[in-house]
Each structure stands twice: as C-alpha cells, then as structure tokens.
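Convention: sequence-line order gives letters A, B, ...; per-chain numbering from 1.
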Amino acid sequence: MDNERVAAVLSEIGVLLELQGENPFKVRAYQNAARAIEGLAERIDDLAREDRLQEIPGIGEAIAKKVATLATTGDLPYHRELRETVPPGIFDVLRVRGLGPKKAKRLWKELGVLDLRSLRKACRDDRVKDLAGFGEKSQRMILEGIAFLEKAADRSLLGEALPLARELVAALTECPAVQRASLAGSIRRGKETIGDLDLVASSDDPEGVMEFFTGIVPDAETIARGRTKTSIRLESGIQADLRVVGGSEFPACLAYFTGSKEHNVRVRTLAASLGFKVNEYGVFREGSEKPEDIPDEEALYRALGLAYVPPELREDRGEIEAAREGKLPVLVEERDVKGVLHCHSIWSDGRASIHEMALAAKALGMKYLGIADHSKAAHYAGGLDEKKLVLQAAEIDAVEKRVKGLRILRGSEVDILADGSLDFADEVLAGLDFVVASVHSKFGMSEDEMTARIVRAIENPFVDCLAHPTGRLLLAREGYRVNLEKVIEAAARTWTFLEINGNPRRLDLDAVWARRAAQAEVKILLGPDAHDTEGLADTEYALLTARRAWLTKDDVANSLPVTRLLASLRRRRNPEAKRARKPRKRG
DNA sequence: GCCGTTTTCGGCCCGACTGTTTTCAGTCG
C-alpha cells in the first residue's frame, strides 16, 4: 500500500477518534503520524518490511504496529471497527465550513443528522438553531456551506485530473488498434477545475479500442459502452469519456471535443460565412458530402483563414478575431521559465530540505530556486523568526556551494498583518534577495479594509511579489473580499509582481485577472508554492493558467535569467527609480 | 499516542475569530 493511502487511513482514524471525544493529543498523534508518512521519501511498505517504522519521528510502538498491518495486508481491522461506529455521511458533514467533529457529533446524536441531506433538512425545519452552541446564524451558514459543497461536488482539480488523463492517453497510445490519441475538453484547455475527462482517439477498429479502454484501469467501472463513445468511472470517482473516430476525422473531432462550446459556435458561424460547414467529422464545402483534406488542427483553422489557436485560448474571449488578424500572442512556454521563487522547505511547513529542493529544481532544468519559508506570524506553518532566518541563510549559502549550476535565492513568504504592515521589519527584509508577501489571517475583513491592507503591503519597497492575491481555495473556499483593480493599479505603480500560484488548489490569480494585470503592465510571477520536491512541478499549472491569460514570455517575471531578475528586484527597491516611472497602458 | 528523559509520567502550539454566550467552546489557519 502506498504512503499516501496509509497516511489517509491514519488521518481518518484521527477524525474518528475526535468524533468519539478521545483525548485530543491522541488525535494529534495520529494526524502527526499521517503527515510524517505523507512527507516520507522512502516507501512505507519497505520500512515496514525492514521493521524500521519507529525510526520515523511521530511513529511509536502502537502506530507502527497498525501501519505494519495496513502496509502488508492492505487492511486494518481497528480502522474498520472505528468506521462502523459513525454514519458514513458524517465525513461529508465535516466538510461544511464551520463544522468540526464536536458540532458534527452533536448534530448527529441530538438531531439524527447522518449526511448532508439530513443536515439540510434539519436546517430547513429550523431545528438546528435551537441546539446548544448553534443559533440562527450558524443554521444559515450551514445551508450556505452545503450549497457551496454541492456546487463543487462533481468537479475535480486540474492537478488531480491532468495526471490521470495523461496516463490514460499514454496507455491508449500503446494500444495497437489506436492510431492517434489525445486529451480533449476542458482539461486540454487547462481549465482550473474539470467535470470529466474527455479523450479522443482515431482507429480503424473502434470495437478493439473500446474493448481495450474498458479494461484500461483494473478498478474502473464501465458506465456506458458504444461504438463511438465509451464512459468509465475511475476509482477516484472521475468519469472519463473516450470518443473514437476514423483517422481522417481525428482533427475535426479533436477540435470539436476540445471546445469550448462558445469557441466552437464562433468557429462554425465563421465557417458558414465562408461557405463551409464544420462539425465533429470534418470541414465540408457547402453542398458537398466529401470532407476537405484536414490532416491536423492547424489545417482546420487555416481552412477558415485563421492562425492556429492554442487550446488554452479557446474560450471566445477575442481569440477568433486575433487569429483572423494574425495578432494572437506567442504564449509563454515551459522552456521560457528559467527558475522559481516561492518554495518552502522543512524550515517551515515544507517536507523537503533545501538541499533536496535544490537537487530537484536542478533536475527540472531550473537555473534558480527561491526559498521563501513562512514568517513568524504563521505559527501553524512553523514560520521562521529573525534568528532562524539568519541561520537559514547560512544553510542556503552552503547548499548553493554543493549544487553547481543552480542559484539559490534567499527569500521569505512574509505575512501581511491586519493593518498592512509586514511580519518582518524593513531592515530584515532588506537582507533578503526577494520577498513575497501574502495574507494568511483575518479573511473576514470588508473589501475596503482588505484592499487597503494589501495595497499598503504592496507599497512597501521590499515587497517584490504579492502571492496568491485572492486567497481562494478551489472547490473549498471563496477568496477574501478585495478590489483587484486597485491591487493591480498599485502593483503597476510600484513594479510589484503578482503571482499566479501554481498549487492546484489555488491557481490564484486566475486567468481572467492575470490577463488584466498583464494588460496593466504588471509582471506575473509563476510560483509553484512547492512544499516538497514534487510540488516544484506545480509550476506547470501556473504556466497553463498563464497561457489561458494570454501571457507571453515578456509578461512573466521568472522568464528572466537570474542576473536580470535580481537587477530588476534591486531596481524596484530603489524609491527614486520607482517615482520616475510612469506606467503606460497597453491594449 | 508520542516523546524525552527529570527512566515513568507530564507535556504535547496557539492566537484569532465567530457565534454563542454572559465567560466560552469550537473552528480555523
């Protein structure tokens, strides 16, 4: 059993014990153990076999025994028995904002709430507000929380869906009956959340492909199986739809199922005005049954007098006009990204050492790595105080000497305090190569207060970048209230970067706002917000979002080589240089 | 349940916020 699943079971045991009113420290012990295993470099079943589990800090005799059982047999009776003591729907109830184990238990024991359905009914029947510790307001908040969860329920994060979809495409490509295979749909467009996975393949033997596809994943359930379309449900609950067409139909089919619907409508309207018909089988001259010769998507767009529109732009946000006039941007690409800032390490809440992060960054071909651990106000994340920051600087220098060909920059993700001041004094910030600032507390401020708070932070000459500007968590939490137009205006005025945070749960700024920021001449930083070596790859999700935002290489701060990036950072710290600059608007 | 050690048990992160209360419990980050 892999580390992630073992960790998930331990963490669930923690929740179950909490529901039972167990000793909170015992609860925490399970959660600590889960976190330790999640961040482990070695395979947990190897450690179990070698009887080395207790070497992991946070795992003692009792948990080691349970983990050993779990890792070797794939089952833990203790966990199963605990699960039987609570209604399965209670885990959904716990996902409602504002409801923790204590309140969930009270709802369950006193009102018979077993799942979201009965919880909503209890609220609507006005029974929740009379419960001790609840009131009118909590009843209303719960109803809102349920609505939010339901809106999010049938969608997945890009970061979960894309790796799965790529595995499926890779597997399909191996199938002898398949000629070509590709991602399609919103996942190909890089949308931040995904309803289901759309795949397109071409073949002379669709039956053979469908046969292969239904058996592609051992535990997948087949929902529908036809000659041209088959749907399966993966173990994670995500649905994958495969469409199979003949070889010559592939490009039109791919374009059709990549969408978006709005983009397709515009393409078909344009085609009609030129005397063509476009559908999922090809491009047809009016009155003809015989399709035009369209070898690939480029040819399809060319036939309509359009430059090739990259999938990320296909949203009907001006791309058809730009393609017709030859004014599509040259979108930023993976090879343009020279390095990353905004990464964490074990000094705060990261799970890898600076050395491990450095090796991983170098392996990814990056030229620089910025370490930006949390500042002291972020207690929950083990934020660094001034003393530790100095110690960390020494380690960074030492690691940099060991890892040739990689610059390691000293930074901080400094908390923006409630009044807009920063968690470190200017003299401390001045000693760093770069500073990203972000909001991690007091999300409930009014829009005016929050905007003033953030603008004040941006105006600090040592703040180089505002990280995750809206604080949203996809499918989980709305961002705080903030006037982004004013934030962009302040960033443009002070040469402050705005981040596209690549953590799949954030993708913040989103594509629409990142585009507006770039139009206002604000440079965008693609930040992985990596908390382990694998997290460095989240830069890709920031990149996809940047492409959806029409960004070119020049719009992206970390497309600069390190010397020019550092020069640019130094320049923006000089107030004289700042005042001299007049922002100019761009189209 | 883990850890450190004071080798046998006491301490384990905590401040802020919110909606309840009338001094605080529960949740969140």
Trainee: In whole angstrom, what separates A:L131's CG from B:dT21's P?
Mentor: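 So the two atoms are 10 Å apart, to the nearest Å.
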Trainee: Measure from CG on A:L16 to C1' on B:dG1 and round the result to the nearest Å.
Mentor: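 About 16 Å, once rounded to whole Å.
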Trainee: Please work out which residues in residues 86-98 of chain A have a non-hydrogen atom less than 4.0 Å from an atom of DNA chain B and list them by number.
Mentor: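 Nucleic-acid contacts, sorted: A:R97, A:G98.
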Trainee: Would you list the pairs meeting side-chain hydrogen bond (donor to acceptor under 3.5 Å, both in side chains) in which at least one residue belongs to residues 64-74 of chain A, sequence neighbours left out?
Mentor: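 Matches after skipping sequence neighbours: A:Y30-A:K66.
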Trainee: On a whole-Å scale, what distance lies between the P atoms belonging to B:dG4 and B:dC13?
Mentor: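 Those two atoms are separated by 13 Å.
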Trainee: Using the C1' atoms only, state how far B:dT8 lies from B:dC2, rounded to an integer number of Å.
Mentor: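 Nearest-Å result for B:dC2 against B:dT8 at atom C1': 14 Å.
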Trainee: Taking side chain as C-beta onward, heavy atoms only, is A:T533 less than 4.5 Å from A:M357?
Mentor: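 Yes. Closest side-chain heavy atoms under 4.5 Å.
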Trainee: If you measure from the C1' atom in B:dT20 to the same atom in B:dT27, how many Å do you get, rounded?
Mentor: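 Those two atoms are separated by 13 Å.
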Trainee: Taking atom C1' in both B:dG10 and B:dG15, what distance in whole Å separates the two?
Mentor: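 Each nucleotide's C1' atom is 24 Å from the other's.
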Trainee: Name all residues meeting the side chain to side chain donor-acceptor pair (under 3.5 Å) criterion together with A:S186; count only those two or more places apart in sequence or in a different chain, and write none if there are none.
Mentor: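 Once residues adjacent in sequence are excluded, A:S186 has no partner under the side chain to side chain donor-acceptor pair (under 3.5 Å) criterion.
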Trainee: Please report, rounded to the nearest Å, how far the P atom of B:dC28 is from the CD atom of A:Q31.
Mentor: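 Distance check: A:Q31 CD to B:dC28 P gives 12 Å.
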Trainee: Just how far, in rounded Å, is P of B:dG1 from CD1 of A:I13?
Mentor: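 For the pair A:I13 CD1 and B:dG1 P, the rounded distance is 10 Å.
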Trainee: Within the pair A:S138 and B:dT18, is there a side-chain N or O less than 4.0 Å away from OP1 or OP2?
Mentor: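 No, no such contact exists.
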Trainee: Which value, in whole Å, describes the distance between the C1' atoms of nucleotides B:dT5 and B:dC9?
Mentor: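 Roughly 10 Å separates the two C1' atoms.
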Trainee: I need the single residue from A:V403, A:L406, A:L409 that forms a side-chain contact (heavy atoms from CB on, under 4.5 Å) with A:L369. Which is it?
Mentor: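 Single side-chain contact (heavy atoms from CB on, under 4.5 Å) partner of A:L369 among A:V403, A:L406, A:L409: A:L406.
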Trainee: For B:dT8, does the O4'-C1'-N9-C4 (purine) or O4'-C1'-N1-C2 (pyrimidine) torsion place it in syn, i.e. within 90° of 0, or in anti?
Mentor: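 Syn, which is what one calls it when the glycosidic angle falls within 90° of 0.
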Trainee: Suppose the criterion is salt bridge (Lys or Arg N to Asp or Glu O under 4.0 Å): which pairs have a residue in residues 532-546 of chain A, not counting sequence neighbours?
Mentor: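 As it turns out, the salt bridge (Lys or Arg N to Asp or Glu O under 4.0 Å) pairs with a partner in residues 532-546 of chain A, which skip direct neighbours, are A:R166-A:E540, A:R351-A:D532.
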Trainee: Go through the structure and list residues passing side chain to side chain donor-acceptor pair (under 3.5 Å) with A:S421, not counting sequence neighbours.
Mentor: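 Per chain and number, A:S421 pairs via side chain to side chain donor-acceptor pair (under 3.5 Å) with A:D419.
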Trainee: What distance, rounded to whole Å, do you find between the two C1' atoms, one in B:dC12 and one in B:dC17?
Mentor: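 24 Å, rounded to whole Å.
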Trainee: Could you tell me the separation between the CG atom of A:L473 and the P atom of B:dG29, rounded to a whole number of Å?
Mentor: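 Atom CG in A:L473 sits about 7 Å away from atom P in B:dG29.
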Trainee: Counting only non-hydrogen atoms, which of residues 103-115 of chain A are less than 4.0 Å from DNA chain B?
Mentor: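 Contacts with DNA chain B under 4.0 Å: A:K103.
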Trainee: Only pairs under 3.5 Å count here: list side-chain donor-acceptor contacts from residues 97-108 of chain A, not counting sequence neighbours, and write none if there are none.
Mentor:
residue, atom, partner, partner atom, Å
A:K105, NZ, A:L19, O, 3.2
A:R106, NE, A:E110, OE2, 3.4
A:R106, NH1, A:A132, O, 3.0

Trainee: Heavy atoms only, 4.0 Å cut-off, all strands: where does A:P101 land among base, sugar-phosphate and nothing?
Mentor: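 Sugar-phosphate: the residue A:P101, judged by heavy atoms under 4.0 Å, touches backbone atoms but no base.
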Trainee: Could you check whether A:Y30 gets within reach of a base, just the sugar-phosphate, or nothing at all, counting any heavy atom under 4.0 Å?
Mentor: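 Touches sugar-phosphate only.
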Trainee: Not counting sequence neighbours, which residues clear side chain to side chain donor-acceptor pair (under 3.5 Å) with A:N558? List them please.
Mentor: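 Side chain to side chain donor-acceptor pair (under 3.5 Å) list for A:N558, sorted by chain: empty.
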Trainee: Whole angstrom is fine here: how far is it from NE2 in A:H440 over to C1' in B:dT27?
Mentor: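 Atom NE2 in A:H440 sits about 18 Å away from atom C1' in B:dT27.
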Trainee: May I ask which nucleotide in the shown strands pairs with B:dT8, Watson-Crick or G-U wobble, both distances under 3.5 Å?
Mentor: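 Pairing partner: none.
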Trainee: Going by ring pair (Phe, Tyr, Trp, His ring centres under 6.0 Å), name the residues that satisfy it together with A:H374, two or more places apart in sequence or in a different chain.
Mentor: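 A:H344, A:H440.
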Trainee: On DNA chain B, does the nearest nucleotide to A:E18 precede the nearest nucleotide to A:F134 from the 5' side, or the other way round? Give the residue.
Mentor: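 Closer to the 5' end of DNA chain B: A:F134.
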Trainee: Could you work out the separation of B:dT18 and B:dG11 based on their P atoms and round it to a whole Å?
Mentor: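 Nearest-Å result for B:dT18 against B:dG11 at atom P: 33 Å.
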Trainee: Between A:K129 (NZ) and B:dT20 (P), how many Å, whole number?
Mentor: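 In whole Å, B:dT20 P and A:K129 NZ are 11 Å from each other.
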Trainee: May I have all residue pairs that pass ring-ring contact (aromatic ring centres under 6.0 Å, His included) and include part of residues 469-494 of chain A, sequence neighbours excluded?
Mentor: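 Counting only pairs at least two positions apart or across chains, the ring-ring contact (aromatic ring centres under 6.0 Å, His included) contacts touching residues 469-494 of chain A are A:F443-A:Y480.
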Trainee: I'd like to know if A:D397 pairs up with A:R410 as an ion pair, taking the criterion as any Lys NZ or Arg NE/NH1/NH2 lying under 4.0 Å from an Asp or Glu carboxylate oxygen.
Mentor: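 The answer is yes: the pair qualifies as a salt bridge.
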Trainee: Separation of A:L19 atom CG from B:dG26 atom P, in whole Å?
Mentor: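 Interatomic distance, CG of A:L19 to P of B:dG26: 13 Å.
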Trainee: With sequence neighbours excluded, tell me which residues meet side chain to side chain donor-acceptor pair (under 3.5 Å) with A:T539.
Mentor: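 Expected list: none.
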Trainee: When you compare the side chain of A:R573 with that of A:D464, does any pair of heavy atoms fall below 4.5 Å?
Mentor: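 SC-SC contact between A:D464 and A:R573 confirmed.
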Trainee: Heavy atoms under 4.0 Å is the rule here; annotate nucleotides 2-17 of chain B 5' to 3' with B where the base is hit, S where only the sugar-phosphate is, and - elsewhere.
Mentor: SS--------BS--SS
